[in-house]
There are 2 protein chains.
Amino acid sequence: MSEELQKLQLQLNGINLKLLHLLSEQARTADEIVRIKEKQGISEADPIGVQQMVNELASHNPGPIDNDTVMRIFMEIFNAYPKKQQNEKKERKLLV
Amino acid sequence: MSEELQKLQLQLNGINLKLLHLLSEQARTADEIVRIKEKQGISEADPIGVQQMVNELASHNPGPIDNDTVMRIFMEIFNAYPKKQQNEKKERKLLV
């Protein structure tokens with residue numbers, strides 16, 4: 001592999017790790033929002049406002065990824081979240 | 001909305017924007033790797049080594065997102081990429 005390619009691959013690995021840590025921070029923050037809302041007795045179908053956030057993000061998209069793809073990626077990220085919650089609830093029920 | 005919730009929602013919006021910019025940087029870097037490989041006549045089914053990168057990322061996962069979800073999110077991100085390339089190629093052909 002040429003030096004230029006090696007440099008780019010290292011750069012890509014670094015970006016991936018940063019993405020992974022941001023995704024984890026995002027999940028923790030979304031988790032906290034849902035936890036507080038549940039504690040306050042606020043019950044919403046979309047407690048973290050996913051649709052609004054995704055629309056907002058598309059309007060800030062610097063490219064080169066097109067808006068449809070950006071929206072699909074973020075929907076995949078946010079969809080992963082309630083599934084996790086549901087699994088946790090199921091596990092809790094199994095433990096009772 | 002309580003002050004605590006407002007603060008968390010602002011924090012989440014900030015994380016989302018950082019994610020969006022990192023995803024764009026990632027797409028540009030992957031694009032550059034593919035461009036150089038094409039120029040050097042290197043033809044690979046997986047030029048940016050997606051499977052290896054996804055496995056590597058799962059091994060660095062700090063949580064709370066489970067590994068399966070991390071891998072699904074990154075596969076969605078990387079799968080978006082060749083689709084874009086294919087569309088560009090199609091468009092180029094239409095222009096010729």
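Below, chain A is the first sequence line, B the second, and so on; all start at residue 1.
For chain A, the nearby parts of B:N16 are the backbone and the side chain; heavy atoms of each come within less than 4.5 Å. For a residue to count as touching a neighbouring chain, one of its non-hydrogen atoms must lie under 4.5 Å from one of that chain's; by this rule A:E56 does not touch chain B.
Judged purely by atom type and a 3.5 angstrom limit, A:N79 uses its side chain to pair as donor or acceptor with the backbone of A:M75. Here the side chain of B:K18 pairs no donor or acceptor atom with the backbone of A:L22 at under 3.5 angstrom.
With respect to the salt-bridge test (charged N to carboxylate O, under 4.0 angstrom), the residues B:E32 and B:R35 qualify.
Around atom CD of B:Q52, no more than 12 heavy atoms belonging to other residues, nucleotides or ligands sit under 6.0 Å away.
Between A:V34 and A:K37, the closest side-chain pair of non-hydrogen atoms is not below 4.5 Å.
Per-residue heavy-atom pair counts under 4.5 Å with chain B were compared for A:T29, A:L17, A:D68, and the maximum is reached by A:T29. With chain A as the partner, the residue from B:I36, B:L8, B:V70 showing the most heavy-atom pairs under 4.5 Å is B:L8. Ranked by heavy-atom pairs under 4.5 Å with chain A, the first of B:N13, B:I42, B:N61 is B:N61.
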